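Here the structure is laid out as structure tokens; the discussion comes afterwards.
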Amino acid sequence: MKYLFKKEYLKFGFNMSQYVFRIGEIESMSGISARQLRYWESKGIIEPLERPDEQSGRVYPFKMFMKIMMIKTFLDQGNTLKNAVMHVDETQRFMRATHNILASAVHGLVYEDDTVFIDLGDFDAEGRQRLLAYQENSGEDEKVSYRLVDKADLEE
DNA sequence: TTTCTGACA
DNA sequence: TGTCAGCA
């Protein structure tokens, strides 16, 4: 078994904060008008990255795009803006916790033949065995299986 | 071209 | 919220 990615590479790959969008891009991606986005900002609901001056264009990080999409989802379900924001704030708390757990639980990706395994870290205190999670038939069957592997069998 | 603010509907 | 003006 060989590592596809180790944790440090995964972190880099999942770091979306490096991607930023201008208001026109957010508008076309989300369907929320620039006028609406500026209005939401005036209400303290969203905030662009810090701007050098008032006249320069707004720039939003990926996280803000996510928040905007979540607000839109609740809005489309018939919620008022106020309620939509309330739901999003609540949801984001759970998402943060979920992300933190996954970030610390996933140690890397391992592959053997055509199967990808998620390395969940040391299984025993001595660190002799590693717990891997995988799908028997990826796609059709969503059932996750586990396998214990001797650390010696894992190639860096 | 795009975005900004402010104003009016 | 949409739209328009007048700028940068």
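Everything quoted here is computed from the prediction, not taken from an experiment.
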(request) Go through the steps to decide whether A:R58 and A:E41 satisfy the test salt bridge (charged side-chain N to carboxylate O under 4.0 Å, His left out), and finish with yes or no. (result) CA-CA 11 Å; A:R58 292 169 172 79; A:E41 179 183 330; 2.6 Å; yes

(request) Specify the separation, in whole Å, of atom CG of A:L37 and atom P of C:dT3. (result) 15 Å

(message) Does B:dT3 have its OP1 or OP2 closer than 4.0 Å to a side-chain nitrogen or oxygen of A:R58?
(response) no

(message) Can you measure A:F21 atom CZ to B:dT3 atom P for me and round it to whole angstrom units?
(response) 14 Å

(message) Nearest whole Å is fine: how far is B:dC4 P from A:E27 CD?
(response) 10 Å

(request) In whole angstrom, give the distance that lies between atom OH of A:Y60 and atom C1' of B:dT3. (result) 11 Å

(message) Can you tell me the base-pairing partner of C:dA8? Count Watson-Crick or G-U wobble geometry only, both distances below 3.5 Å, and say none if there is no partner.
(response) B:dT2

(message) In this structure, how many angstroms lie between the C1' atom of B:dT5 and the CD1 atom of A:I23, rounded?
(response) 12 Å

(message) For the residue pair A:R130 and A:F123, would you count it as a cation-pi contact if the rule is NZ or CZ under 6.0 angstrom from the ring centre and within 45 degrees of the ring axis?
(response) no

(request) Examine B:dT5: is either OP1 or OP2 under 4.0 Å from a nitrogen or oxygen in the side chain of A:R51? Give yes or no. (result) yes

(request) Measure from CZ on A:R35 to P on B:dA7 and round the result to the nearest Å. (result) 12 Å

(message) Just to be sure I understand the rule, does A:R38 reach a base, reach only the sugar-phosphate, or reach nothing, if contact means heavy atoms closer than 4.0 Å?
(response) base

(message) I'd like to know if the side chain of A:N79 and the backbone of A:F74 have a donor-acceptor N/O pair within less than 3.5 Å.
(response) yes

(request) Grab the CD-C1' distance between A:E25 and B:dT3 for me, whole Å please. (result) 12 Å

(message) Under 4.0 Å between a side-chain nitrogen and a carboxylate oxygen: does that hold for A:D76 and A:K72?
(response) yes

